[in-house]
Amino acid sequence: MARVVLENVTKRFGSVVAVNNASLEIKDKEFVVLVGPSGCGKSTTLRMIAGLEEISEGNIYIGDQLVNDIPPKDRDIAMVFQNYALYPHMDVYNNMAFGLKLRKVPKDEIDARVRQAAKMLGIEELLGRRPKALSGGQRQRVAVGRAIVREPQVFLMDEPLSNLDAKLRVQMRTELVKLHQRLQTTMIYVTHDQTEAMTMGDRIVVMKDAVIQQVGEPLEIYDNPDNVFVAGFIGSPAMNFMEARVGYDEGFYLEVDCHKLKVPPEVEARLASLGDYKDRKVIFGIRPEDIKDEPESFGEGCSINAVVDVTEPMGSEIYVYFTLGNAELVARVPATSGVKAGKSHPFSFNMNKLHVFDIETEKAIR
């Protein structure tokens, strides 16, 4: 088992910077998820760790070994690709055994490893089939099994669930987390799906435009995003944002479209630098679950009235869309709510859970 360290790693494709000065330490036996929109550099980062892309600048260590110039086959890693990359002319058994045969592992040991991995993944009855006779979920398990039999120091997974349907994707997320708990191996997982990141990772690495934006545990990032991008990317539905003016009248408030929303004293204490923004505009953020469909739910000075644009029943809850000034907002309310589209309705903001960002830098005001 091994930790993985990136020191000021940069990757350029001509004049295009795909990864810019990335520094990251992934601990031994940790499950870390790289997440971000398409083109942010997460897969390129993974491929540099694997040795499939050369580094333009910086260093990568696996264990305590510098691997910049070590070929992929000698890095003691195993990679699971988005398209599974199975050999179509081989059955499942030989797909899983192929890498071990190349390494001249004894036949008895190959057989034991393949059958143990197949049992772990529930694909024992598939060992004699070829990939074309398997479903997407079965192919995905075979690809993971091929990685397991290698018994590598580090598992690298590049969006392995993106080709599966929604129900199977949820099931396989759980299976991969259980697998990590059993194997106790370092895993680095790439996805564009923030739900996968939140549910699977011990820690999350959020990337945008080739730069690491924030690293932390899922709830830490959810509750304390460093900037507007992270706040909007992590969470579903996304955080609501609106332009607000910071005012003071026996306490701070945020003014949005003539509504004055009171900042609680405990939040004032937490946002020590809020006073620097008095009479200035900021970006005010609040998550959909922190908006209630009742007046004064969170005390005085936190309610507004707004006309409901659209409602989306989601079973146990309803997503309610409404407009405040120039901002379109969404609230998550119970299914028993009487809110109706086209009607004016009171909404309360849980100002204890507010987020405030600098309007120019978009960084969180702490």
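Note that these values count all heavy atoms, side chains included, but never hydrogens, waters or copies made by symmetry.
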Does this structure show an ion pair linking [X] with [Y], if we count only N-O contacts that are shorter than 4.0 Å?
{"X": "K281", "Y": "E243", "answer": "yes"}
{"X": "R332", "Y": "D293", "answer": "no"}
{"X": "D279", "Y": "R245", "answer": "yes"}
{"X": "E30", "Y": "R3", "answer": "no"}
{"X": "E151", "Y": "R113", "answer": "yes"}
{"X": "E196", "Y": "R173", "answer": "no"}
{"X": "D111", "Y": "R115", "answer": "yes"}

Distance-only donor-acceptor check, side chains [X] and [Y], under 3.5 Å:
{"X": "D158", "Y": "S43", "result": "yes"}
{"X": "E57", "Y": "N8", "result": "no"}
{"X": "T191", "Y": "E159", "result": "no"}
{"X": "Y87", "Y": "N94", "result": "no"}

Below 4.5 Å, heavy atoms only, C-beta onward: do [X] and [Y] meet side chain to side chain?
{"X": "F229", "Y": "V206", "result": "yes"}
{"X": "R12", "Y": "T10", "result": "yes"}
{"X": "Q65", "Y": "R75", "result": "no"}
{"X": "I286", "Y": "I291", "result": "yes"}
{"X": "F347", "Y": "L329", "result": "no"}
{"X": "M96", "Y": "L127", "result": "yes"}
{"X": "N240", "Y": "P288", "result": "yes"}

- Validate the cation-pi geometry between R287 and Y222: distance from NZ or CZ to the six-membered ring centre under 6.0 Å, angle to the ring axis within 45°.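 Cation-pi check for R287 and Y222: passes.
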- Message: Does E125 have more than 12 heavy atoms from other residues, nucleotides or ligands lying within 6.0 Å of its CD?
- Response: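 Yes, because the 6.0 Å sphere around CD of E125 holds more than 12 heavy atoms from other groups.
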- Query: Has E54 got more than 12 heavy atoms of other residues, nucleotides or ligands less than 6.0 Å from its CD?
  - Reply: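 No - once you tally the heavy atoms of other residues, nucleotides and ligands closer than 6.0 Å, there are 12 at most.
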